[in-house]
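Notes follow the structure.
Both counts, for ligands and for their atoms, begin at 1 and track the order of listing.
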Amino acid sequence: MVKAVNQFDVVVIGSGPGGYVGAIRCAQLGLKTAIVEKDKTLGGTCLNVGCIPSKALLESSELYEMSLHDFKNHGIDLSQVKLNLFQMMARKDKIVKELTQGISFLMKKNKIETFKGLGKIVQASAAAQSAIVEVTNDESVPIRIETKNIICATGSIPTALPFLKYDETKIVSSTGALALQEVPKQMIVVGGGVIGLELGSVWQRLGSQVTVIEYADKLCPTMDQQSIAVLKKSLEKSGMIFILQAKVTNSTVKGSQVEIEFEEIKTGQVKNLKADVVMVSTGRKPFSQGLGLDEIGVQKDKLGRVLVDGHFQTNIPGVYAIGDLIPGPMLAHKAEEEGVAVAEILSGQAGHVNYPTVPSVIYTHPEVASVGLTEEEATAKGYKLAVGTFPFMANGRAKALGTHEGMVKIIADKASDKILGGHIVGPRAGDLIHEIVVAMEFGGSSEDLARSFHAHPTLNEVVREAALAVDRRARQM
Ligand code: FAD
Ligand code: NAD
């Protein structure tokens with residue numbers, strides 16, 4: 001038996017940042033909207049097992065590390081600092097619970113009907129402007145929802161290596177690494193990208209000996225490499241070990257430990273390493289299992305990403321896709337903006353995402369943040385560059401904070417002075433980058449940033465000094 005439900009203008013499948021933000025914008029624009037989610041709570045990867053729990057643990061672990069090593073310098077003597085991992089995890093879980101419940105509240109407030117279960121597109125027909133999504137869960141008979149449009153926002157899942165099967169206790173994905181019950185003595189991180197560095201930092205700070213094994217010859221290759229060099233040096237100082245250009249080839253569980261075998265790519269030498277926990281963070285892949293895309297003929301690329309046109313429409317009219325499911329950086333704020341844009345397009349407005357200004361942030365210590373082109377990318381595009389850099393070392397506020405490693409770099413087009421990119425490594429880089437994002441959104445120049453007021457003493461003054469440095473006018477503060 002199947003239960004039929006009234007016609008909607010839009011059914012959004014997936015309630016991550018792309019899906020829930022898109023659904024809210026659809027509802028704000030007067031479209032009758034439903035959202036379908038297979039997991040127990042709304043919010044997707046980001047709220048449940050991604051951005052939010054990782055940042056909660058990064059914050060707690062940084063405070064723990066500071067209380068061990070830095071507070072004394074401030075004249076605060078905490079003679080007996082003790083880690084309570086259970087409380088740290090409980091705090092993280094509470095933050096996640098509050099935020100995911102908040103999404104349920106937002107759905108109700110915006111009169112978006114929520115269907116719990118796996119959503120499958122069983123019919124899509126542009127001519128009749130009618131499609132059907134079937135929702136299946138354990139509790140009730142399948143529900144058939146009629147809709148004019150469907151937005152697929154089913155996100156992504158971790159990639160897996162055949163010889164490192166996740167058990168989420170000894171061999172973990174990011175999800176398992178966010179919920180470990182005790183601090184591993186040794187931890188191996190396979191993949192030195194964003195997740196590897198962020199979650200590797202969490203456990204390193206809490207007492208693990210973390211070794212990162214990375215296939216490439218550099219960490220985070222899409223980020224500004226001068227910034228990444230500062231981060232790598234700082235992580236090495238904290239005790240993290242990096243093995244670059246190495247390929248993990250096998251693993252064996254030996255008692256309470258996992259032994260991995262890896263090959264040094266340059267020398268061909270095979271080595272072994274043991275740890276209590278191995279985290280695999282070798283990237284994520286789009287998730288569309290059970291969504292019915294193949295059955296209705298939706299086109300994907302070789303990586304399984306759903307192909308869309310400039311209006312986020314797939315090759316099947318009326319079926320749209322956004323977020324981690326489609327090409328582009330796998331970032332929550334990118335998914336959100338695509339959700340807003342597709343809602344506006346469906347309402348007859350000119351929804352648009354300005355991809356060159358999508359910022360990315362690595363929430364390590366120091367933080368690394370980036371927007372726009374790197375020097376290499378800008379040069380490859382044929383620009384002649386004027387580059388200004390300024391260190392946090394000379395900034396009064398950074399000195400007062402006691403964290404002054406790193407710098408701001410502004411890359412401008414030499415001919416027009418238009419800002420092409422900005423890269424920051426240092427305190428609160430993830431917050432500071434937005435000044436450059438906004439300037440770029442308005443087509444701003446380094447002169448615009450340099451002439452804008454910056455309150456003293458703030459970290460933002462370093463952004464201004466870097467802008468002044470584009471024209472060799474920086475001053476020492
Ligand atoms: P998702 O958030 O993945 O949501 C998809 C939802 O669809 C899920 O809830 C899933 O259950 C549901 N779903 C799938 N199939 C179906 C179906 N057939 N029927 C019903 N429901 C379905 N990004 C940042 O910008 N900043 C960060 O700091 C950051 N930190 C991260 C940390 C970690 C550890 C991880 C893993 C990711 C992090 N990300 C971060 C990436 C970010 O989480 C994703 O880019 C973002 O969640 C993508 O949003 P989305 O809406 O496309 O998909
Ligand atoms: P990633 O793409 O950032 O890094 C994966 C790394 O693994 C790469 O450096 C790659 O060279 C390496 N690698 C791949 N295969 C390997 C192998 N067999 N052996 C050793 N190294 C290997 O992916 P991630 O860190 O898993 O993160 C996934 C996605 O989640 C990213 O796209 C990122 O955008 C998103 N994310 C964002 C944030 C943030 O914005 N702060 C935080 C976490 C995750």
Side-chain angles (χ1 to χ4, degrees), residues 12-22 35-55 57-58 100 115-121 133 135-137 151-159 161-164 173-175 177-178 189-200 212-223 243-249 262 265 279-293 321-326 328-336 338-339 358-364 367-369 430:
V12 181
I13 307 177
S15 71
Y20 86 76
V21 172
I35 194 161
V36 184
E37 174 54 58
K38 69 173 174 53
D39 285 353
K40 274 198 214 112
T41 49
L42 303 184
T45 304
C46 179
L47 269 71
N48 289 284
V49 289
C51 327
I52 300 304
S54 60
K55 268 75 240 176
L57 290 183
L58 277 158
T100 54
F115 294 91
K116 287 285 176 72
L118 186 82
K120 179 175 180 180
I121 307 171
V133 174
V135 181
T136 317
N137 61 35
I151 302 173
C152 302
T154 51
S156 64
I157 54 167
T159 55
L161 295 174
F163 40 82
L164 275 167
S173 67
S174 52
T175 303
L178 287 166
V189 170
V190 183
V194 195
I195 293 181
L197 298 186
E198 287 187 359
L199 295 184
V212 178
I213 302 188
E214 165 59 47
Y215 186 82
D217 61 354
K218 46 172 99 80
L219 304 169
C220 303
T222 56
M223 303 288 277
I243 303 174
L244 302 182
Q245 290 190 281
K247 185 165 80 177
V248 179
T249 47
F262 66 95
I265 294 169
M279 178 177 80
V280 182
S281 47
T282 51
R284 294 178 62 86
K285 59 179 181 187
F287 180 78
S288 60
Q289 206 180 321
L291 185 56
L293 296 185
I322 57 170
D324 281 9
L325 186 59
I326 69 170
M330 287 182 166
L331 295 170
H333 42 283
K334 177 253 188 192
E336 286 180 14
E338 289 175 345
V358 178
S360 52
V361 180
I362 310 177
Y363 297 84
T364 40
E367 289 184 352
V368 181

Heavy-atom contact under 4.0 Å between [X] and ligand 1?
X: Tyr363; value: yes
X: Gly117; value: yes
X: Leu42; value: no
X: Glu336; value: no
X: Ala153; value: yes
X: Lys120; value: no
X: Val36; value: yes

Could you walk me through whether Ser174 and Val49 pass side chain to side chain contact (heavy atoms under 4.5 Å, CB included), step by step?
-> CA-CA 8 Å; Ser174 52; Val49 289; over 6 Å; no
Which one of Gly193, Ser360, Gly283, Ala369 has a non-hydrogen atom at the shortest distance from atom 4 (O) of ligand 2?
-> Gly193
For atom 53 (O) of ligand 1, state which one of Gly19, Cys51, Gly155 supplies the nearest heavy atom.
-> Gly155
Distance under 4.0 Å to a non-hydrogen atom of [X]: what atoms of ligand 2 satisfy this?
X: Val190; value: 19 (N), 20 (C)
X: Val361; value: 39 (C), 40 (O), 41 (N)
X: Tyr363; value: 41 (N)

Ligand 1 and Ser54, any nitrogen or oxygen pair closer than 3.5 angstrom?
-> no
Just distances here: any N/O of Glu198 and N/O of ligand 1 closer than 3.5 Å?
-> no
Among all protein heavy atoms, pick out the one at the shortest distance from [atom]; state its residue, atom name and that distance to 0.1 Å.
atom: atom 23 (N) of ligand 1; value: Ala332 N, 3.4 Å
atom: atom 19 (N) of ligand 1; value: Gly119 N, 2.8 Å
atom: atom 32 (O) of ligand 2; value: Met330 CB, 3.7 Å
atom: atom 20 (C) of ligand 2; value: Tyr215 N, 3.3 Å
atom: atom 2 (O) of ligand 1; value: Thr45 N, 3.0 Å
atom: atom 32 (C) of ligand 1; value: Gly50 C, 3.3 Å

Output the list of atoms in ligand 1 that are nearer than 4.0 Å to some heavy atom of Cys46, sorted by atom number.
-> 2 (O), 43 (O), 47 (O)
Can a donor-acceptor pair be found between the side chains of Asn48 and Thr100 at a distance below 3.5 Å?
-> no
Smallest heavy-atom separation, Phe262 atom then Ala246 atom, equals CD1-CB, 3.8 Å
Logged contact type for Lys247 with ligand 2, heavy-atom cut-off 4.0 Å, is neither
Relative to ligand 1, is Ile195 under 4.0 angstrom through side chain, backbone, both or neither, heavy atoms considered?
-> side chain
